[in-house]
Amino acid sequence: MSKRVYIIAEAGVNHNGRLDLALKLCDAAKEAGVDAVKFQTWKTEKIVTRTAELATYQHENISDKEQSQYDMLKALELSYNNFRIIKQYCDEIGIQFLSTPDEEESLDFLISLGIPFIKLGSGDVTNIPFLRIVGSRKMDVILSTGMSYLSDVDLAYRTLIEAGAKTVAILHCTTNYPCPMEEVNLAAMNTLQSLGCKIGYSDHTMGIEVPVAAVARGAEIIEKHFTLDKTMDGPDHKASLEPQELKAMVDSIRNLEKALGDGVKRPNKSEREISKIVLKRLVASREIKKGDTLSADNMDLKRVDRGISAIHWDLVSGTAAIKDFEQDEPIVLSI
């Protein structure tokens with residue numbers, strides 16, 4: 001059997017700074033059948049200056065285009081107490097809670113909540129001091145790698161491992177919301193395998209076909225943004241799946257896992273039954289007398305429910321008939 005893909009439903013900031021929406025996102029993720037629902041945890045004053053401008057996609061996707069990035073993030077920031085409530089709710093409904101920390105204080109807070117591993121966003125691929133802090137916590141790490149060169153990812157990977165991270169999984173990613181198909185570069189996911197670690201894909205395209213294709217190419221982790229409503233105001237809603245789309249993605253991935261199989265080329269049980277009727281076997285093309293030489297002159301290949309497989313034609317051709325055969329009678333080599 002193929003490995004089960006770990007699917008993360010990225011709620012991110014699609015709660016719009018509201019606890020009630022965050023809890024509804026947890027419900028939607030659980031209903032879709034994902035393995036985990038993930039948020040983002042930060043203290044705005046620790047990660048952005050008050051004058052930092054909006055990213056292009058943020059400017060395009062929000063209604064208040066005059067605000068700074070600081071103001072936007074501050075409005076989307078959930079409190080630590082909110083996250084305690086979200087974590088408890090996830091435990092109650094039976095879904096894994098995750099959140100991405102953007103600075104050390106939030107990192108340690110999330111660890112105190114009992115997150116099973118640390119998920120880092122693409123924005124910290126080049127943040128060497130923070131990577132060293134994360135690695136020093138001696139946990140498993142998953143790192144998204146948008147906006148980076150292979151050399152950047154290699155350095156980030158080595159930094160985490162050398163600092164003490166137990167394992168590091170790498171997710172290929174394109175940091176654009178939404179990401180156009182021509183910018184996906186899914187083949188780069190397989191290039192990342194050169195690092196010798198588990199690989200996956202964090203998707204920002206509009207549909208579900210790319211993450212499904214990533215699984216076909218070997219992704220063991222899939223992360224996908226989702227929202228309750230794409231038309232809501234906010235930076236990431238437009239590039240997110242709605243709940244029914246998220247469920248369709250999960251179903252497609254689970255079906256693909258079944259279809260991938262174990263890689264051994266062999267007929268399965270149903271094919272073995274069908275092959276008894278469908279695969280060609282050696283039969284007499286006309287009456288054959290005992291002792292006649294079996295050849296293309298007196299043998300044919302037809303569907304029949306018994307006899308010698310067509311694959312043995314060369315072994316049978318040139319031998320003597322052991323008995324008389326009527327037309328269309330299966331050829332046998334012993335009685």
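Between atom CD1 of residue I274 and atom CZ of residue R272 there is a gap of 11.5 Å, rounded to the nearest 0.5 Å. Atom CG in N14 sits 9.5 Å away from atom CZ in F39 (nearest 0.5 Å). S194 contributes atom OG, which lies 10.0 Å from atom CD1 of I170 (distance to the nearest 0.5 angstrom). Residue F130 holds its CZ atom at 7.0 Å from CG of D102, rounded to the nearest 0.5 Å. Between the CD1 atom of I322 and the NZ atom of K290 there is a distance of 8.5 Å, given to the nearest 0.5 Å. For the atom pair CD (E220) and NZ (K198), the distance works out to 5.0 Å, reported to the nearest 0.5 Å.
Grouping the Ile, Leu, Val, Met, Phe, Trp and Tyr side chains by contacts below 4.5 angstrom, directly or via other members, places L294 with I335. L301 and V283 are members of different hydrophobic clusters when ILVMFWY side chains are connected at heavy-atom separations under 4.5 Å. I8 and I115 fall into different hydrophobic clusters, where Ile, Leu, Val, Met, Phe, Trp and Tyr side chains are chained together by heavy-atom contacts under 4.5 Å. I7 and L25 fall within the same hydrophobic cluster, where Ile, Leu, Val, Met, Phe, Trp and Tyr residues are linked whenever their side-chain heavy atoms come under 4.5 Å apart, directly or through other members. Hydrophobic clustering (side-chain heavy atoms under 4.5 Å, transitive across Ile, Leu, Val, Met, Phe, Trp, Tyr) groups L54 together with L73.
Among all heavy-atom pairs drawn from A29 and A9, the shortest one is CB-CB, 4.0 Å. Residues A214 and I222 approach most closely at CB-CD1, 4.0 Å, considering heavy atoms. The nearest pair of heavy atoms linking E223 to L171 is CB-CD1, 4.3 Å. Summarising the geometry of P211 relative to D203, their closest heavy-atom pair is CD-OD2, 3.4 Å, with the distance given to 0.1 Å. Here the shortest heavy-atom pairing between G218 and I199 reads O-CG1, 4.2 Å. What you find for G146 and T175 is that their closest heavy atoms are CA-OG1, 3.3 Å.
Side chain of T100 to main chain of K119: a donor-acceptor pair is present (N/O by atom type, distance under 3.5 Å, no hydrogens or angles). Without hydrogens or angle criteria, N16 side chain to D233 main chain gives a donor-acceptor distance under 3.5 Å. The backbone N or O of M72 lies less than 3.5 Å from a partner atom in the side chain of Q67, making a donor-acceptor pair. A donor-acceptor pair under 3.5 Å links the side-chain atoms of E257 to the main chain of V5, judged by distance alone. At distances below 3.5 Å, at least one donor-acceptor pair connects side-chain atoms of S99 with backbone N or O atoms of T41. Between the D124 side chain and the G121 main chain, no donor and acceptor come within less than 3.5 Å of each other. Looking only at distances, no side-chain donor or acceptor of D154 sits under 3.5 Å from a matching main-chain atom of L195. Judged by distance alone, with hydrogens and angles left aside, the side-chain atoms of R286 form a donor-acceptor pair with the main-chain N or O of D297 at under 3.5 Å. Distance alone, capped at 3.5 Å, places no donor-acceptor pair between the D27 side chain and the K24 backbone. For H172 (side chain) and V184 (main-chain N/O), a donor-acceptor pair under 3.5 Å exists by modelled atom type.
Within a 6.0 Å sphere centred on NZ of K289, other residues, nucleotides and ligands contribute 12 heavy atoms or fewer. Around CD of E287, the count of heavy atoms belonging to other residues, nucleotides or ligands within 6.0 Å does not exceed 12. Open room surrounds CD on E53; 12 or fewer heavy atoms of other groups in view lie less than 6.0 Å from it.
Side-chain atoms of N190 and Q193, non-hydrogen and from C-beta on, do get closer than 4.5 Å to each other. I128 has its side chain within reach of R132: a pair of non-hydrogen atoms, C-beta onward, lies under 4.5 Å apart. Contact check for P178 versus M206: side-chain heavy atoms found under the 4.5 Å cut-off. At a threshold of 4.5 Å between non-hydrogen side-chain atoms, the residues I142 and F117 count as touching. Side-chain contact between L120 and L131 is present, with heavy atoms from C-beta onward closer than 4.5 Å. Using a 4.5 Å heavy-atom cutoff, the side chains of F226 and V37 are in contact. For the pair P243/E31, no side-chain contact is recorded, criterion being any heavy-atom separation below 4.5 Å from C-beta on. Side-chain contact between R84 and F109: present, with at least one pair of heavy atoms (C-beta onward) separated by less than 4.5 Å.
The salt bridge (Lys or Arg N to Asp or Glu O under 4.0 Å) test applied to D251 returns K247, not counting sequence neighbours. Scanning for salt bridge (Lys or Arg N to Asp or Glu O under 4.0 Å) contacts around K30 gives an empty result, with sequence neighbours left out.
When the options H204, M249, E10, E245 are evaluated for a side-chain contact (heavy atoms from CB on, under 4.5 Å) with K224, the one that passes is M249.
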Before giving the answer on side-chain contact (heavy atoms from CB on, under 4.5 Å), spell out for S112 and D108 the whole-Å C-alpha distance, their side-chain angles and the decisive distance to 0.1 Å. CA-CA 6 Å; S112 75; D108 289 333; over 6 Å; no

With side-chain contact (heavy atoms from CB on, under 4.5 Å) as the test, would you mind laying out the steps for T227 and L241 before giving the verdict? CA-CA 6 Å; T227 179; L241 298 180; over 6 Å; no

The test is side-chain contact (heavy atoms from CB on, under 4.5 Å); show your working for F325 and D292 and say whether it passes. CA-CA 10 Å; F325 293 97; D292 287 352; over 6 Å; no

Working note: F97 + L110, criterion side-chain contact (heavy atoms from CB on, under 4.5 Å); need CA distance, chi angles, decisive distance, verdict. CA-CA 10 Å; F97 164 83; L110 291 171; 4.1 Å; yes

Determine, stepwise, if the pair N81 / S79 fulfils side chain to side chain donor-acceptor pair (under 3.5 Å). CA-CA 5 Å; N81 192 53; S79 70; 5.3 Å; no

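Judged as a side-chain hydrogen bond (donor to acceptor under 3.5 Å, both in side chains), the pairs with a partner in residues 302-328 (not counting sequence neighbours) are, in order, K302-D328, K323-E329.
The pair D300-K280 fails the salt-bridge criterion, with no side-chain N (NZ, NE, NH1 or NH2) lying under 4.0 Å from an Asp/Glu carboxylate O. Ionic pairing of K74 and E45 is present here: one or more N-O contacts between side-chain nitrogen and carboxylate oxygen are shorter than 4.0 angstrom. Remark: K43 does not engage E104 in a salt bridge, criterion side-chain N to carboxylate O under 4.0 Å.
A donor-acceptor contact under 3.5 angstrom links the side chains of E103 and S106, judged on distance only. With hydrogens and angles left out, the side-chain atoms of S252 and N255 include no donor and acceptor closer than 3.5 Å. Between the side chains of E77 and T44, at least one donor-acceptor pair of N or O atoms lies under 3.5 Å. For the residue pair N268/S270, the side-chain donor-acceptor check at 3.5 Å is satisfied. Counted by atom type alone, T51 and Y70 present zero donor-acceptor pairs between their side chains at under 3.5 Å.
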